[in-house]
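Contents: one structure, followed by commentary.
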Amino acid sequence: MKTRQSTQSLFSVPQQHLFRKDILAWYDRHQRDLPWRANRDPYRIWLSEIMLQQTRVAAVIEHYHEFLRRFPTIEDLAAAREASVLAAWSGLGYYRRARMLHSAAKVIVREHGGKFPMTEKQLQALPGIGRYTAAAIASIAFDEPVAVVDGNVERVLQRLAGRRLASVELWSAANHLLDKKRPGDFNQAMMELGAVQCNPRAPACLTCPVVELCSTRGELAVEAKAARQKQCEIHYALDVRDGEVWLVQRARDASLMAGMWELPEVASMNGVSRPVFTLRHSITVTDYTVRVWQNAVRSRTAGKWIPRGRLERVALTGLARKILRKAEVL
DNA sequence: AATTCGGGGTG
DNA sequence: CACCCAGAATT
């Protein structure tokens, strides 16, 4: 017999009410002033959610305004060329997000007449929108009572529960806890709590609004993760003449940052001459020591002279952007 | 269920 | 230096 509930609740009903009241009151008082909280325009909420996938708030804010300045409406975005969208995304990483954002914009304009889909189910059918993002947009922009589970919420729930929770349990617990009258605020409050109070390293339990309902209170064990960063040295040529820079384009079918622009890679001249400068950069699982050379021998790979004034509009890799900025070319 | 995809802030 | 960030798509 199937008496076992497939859904689980962390708290008794009275505790749930208390939790909702406390966390919403805390959120009303302490929420950060973030750009995407200015209104409930689904286009802007959507953009923020895509940018925020695995990306810190501070990094997103740097790109958010400029992206909206270039593509103020979803029609503008749908009509843009992919290269322009990637240029606006440059430095944010996970460039597939930008391609899927662009393709979803086209779908919304072409198949939905530019009107944003309003339900979690419809949203999740769009490219780049998974379970988390669909629930986030539906609840924040359209008041649909669906809970989100992101990295923050996962941590908060596990600390509340005092144990690890499987994915099914997490979504179930979050949905039980959800305040159905203010789902968008509740979801954001949970994430805000995880980001600001219940952070990974040093949870601020002393000032936590729900500490009395928490079974862990800060002592949650961290799980060991193996992944080691590999170290690697890489060399690039910096050629600037007449206000132009020589750049090359990554292969269209490269697995990493396909089609984006960067400086040409060259052989090491360590010992022969001195690099213009050296910097460090990490991509996925590799920590690069990057040496930049002037007057290096480039191979004959196809490239282009790009006027400095146009660099803002080029889909540079994050590393290329970093180098050009350090060289004061950008 | 496990991998892949960027890049950087932070303790 | 290690860890993790308002995850999704692919295998």
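Within every chain, numbering begins at 1; the chains are lettered A, B, ... in the order of the sequence lines, protein sequences first and strands thereafter. It should be emphasised that the depicted structure is a prediction, and the values quoted were computed from it without experimental measurement.
If you take CD of Gln53(A) and C1' of dC4(C), they are 16 Å apart, rounded to a whole angstrom. Separating the CD atom of Glu154(A) from the P atom of dA8(C) is a distance of 13 Å, rounded to the nearest angstrom. Put simply, CG on Leu52(A) is 15 Å from C1' on dG6(B), counting in whole angstrom units. The distance from atom CG of Leu86(A) to atom C1' of dC5(B) is 14 Å, rounded to the nearest whole Å. Across the protein-nucleic acid pair, Asn152(A) atom CG and dA6(C) atom P stand 5 Å apart, rounded to whole Å. Going from atom CD of Gln231(A) over to atom P of dA2(C) covers 8 Å, rounded to whole Å. Taking atom CZ on Arg155(A) and atom C1' on dC3(C), their separation rounds to 11 Å, with Å as the unit. Atom pair Leu101(A):CG and dA9(C):P shows a separation of 12 Å (rounding to whole Å applied).
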For nucleotides 7-11 of chain B, list the nitrogen or oxygen atoms of the protein found under 3.5 Å from its nitrogen or oxygen atoms, one pair per line.
from: dG7(B); atom 1: OP1; to: Tyr95(A); atom 2: OH; distance (Å): 2.9
from: dG7(B); atom 1: OP1; to: Gly318(A); atom 2: N; distance (Å): 2.7
from: dG8(B); atom 1: OP2; to: His281(A); atom 2: ND1; distance (Å): 3.1
from: dG8(B); atom 1: OP2; to: Lys322(A); atom 2: NZ; distance (Å): 3.2
from: dG8(B); atom 1: N7; to: Ser282(A); atom 2: OG; distance (Å): 3.3
from: dG8(B); atom 1: N2; to: Arg56(A); atom 2: NE; distance (Å): 2.8
from: dG8(B); atom 1: N2; to: Arg56(A); atom 2: NH2; distance (Å): 2.6
from: dG9(B); atom 1: N2; to: Arg56(A); atom 2: NH2; distance (Å): 3.4

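For Arg99(A) and dA9(C), the shortest distance from a side-chain N or O to OP1 or OP2 is not below 4.0 Å.
Residue contacts shown for Met100(A) are limited to sugar-phosphate atoms, with no base heavy atom under 4.0 Å away. Backbone-only contact: Ser255(A) has heavy atoms under 4.0 Å from sugar-phosphate atoms and none from a base. Within 4.0 Å (heavy atoms only), Trp89(A) reaches no atom of the nucleic acid at all. Residue Arg250(A) is out of contact with every strand shown, counting any heavy-atom pair closer than 4.0 Å.
Formation of a donor-acceptor pair under 3.5 Å by the Asp242(A) side chain with backbone atoms of Glu244(A) is not found in this model. Checking side-chain atoms of Trp171(A) against main-chain N and O of Asn175(A) turns up no donor-acceptor pair under 3.5 Å. A donor-acceptor pair under 3.5 Å links the side-chain atoms of Tyr64(A) to the main chain of Arg44(A), judged by distance alone.
Atom CG of residue Leu52(A) and atom CE of residue Met191(A) lie 8.5 Å apart, to the nearest 0.5 angstrom. Taken from CZ in Arg40(A) to CZ in Phe142(A), the straight-line distance is 9.0 Å, to the nearest 0.5 Å. For the atom pair NZ (Lys181(A)) and CG (Asp143(A)), the distance works out to 12.5 Å, reported to the nearest 0.5 Å.
Ranking dC4(C), dA6(C), dC5(B) by closeness to the Arg96(A) side chain, first place goes to dC5(B).
Distance noted for atom P between dT10(B) and dA6(C): 11 Å (whole Å). dG6(B) and dT11(C) have their P atoms separated by 15 Å, given to the nearest Å.
Taking a cutoff of 4.0 Å between a charged side-chain nitrogen and a carboxylate oxygen, Glu192(A) and Arg37(A) qualify as a salt bridge.
Within a heavy-atom distance below 4.0 Å of DNA chain B, no residue of residues 122-144 of chain A is found.
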Next on the checklist: Phe116(A) vs Tyr43(A), test: ring pair (Phe, Tyr, Trp, His ring centres under 6.0 Å). Steps then yes/no.
Outcome noted: CA-CA 7 Å; Phe116(A) 222 90; Tyr43(A) 173 60; 7.5 Å; no
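Dense packing is recorded around NZ of Lys180(A), with more than 12 heavy atoms of other residues, nucleotides or ligands lying under 6.0 Å away.
Of all non-hydrogen atoms in Tyr95(A) and Leu316(A), the two that sit nearest each other are OH-O, 4.4 Å.
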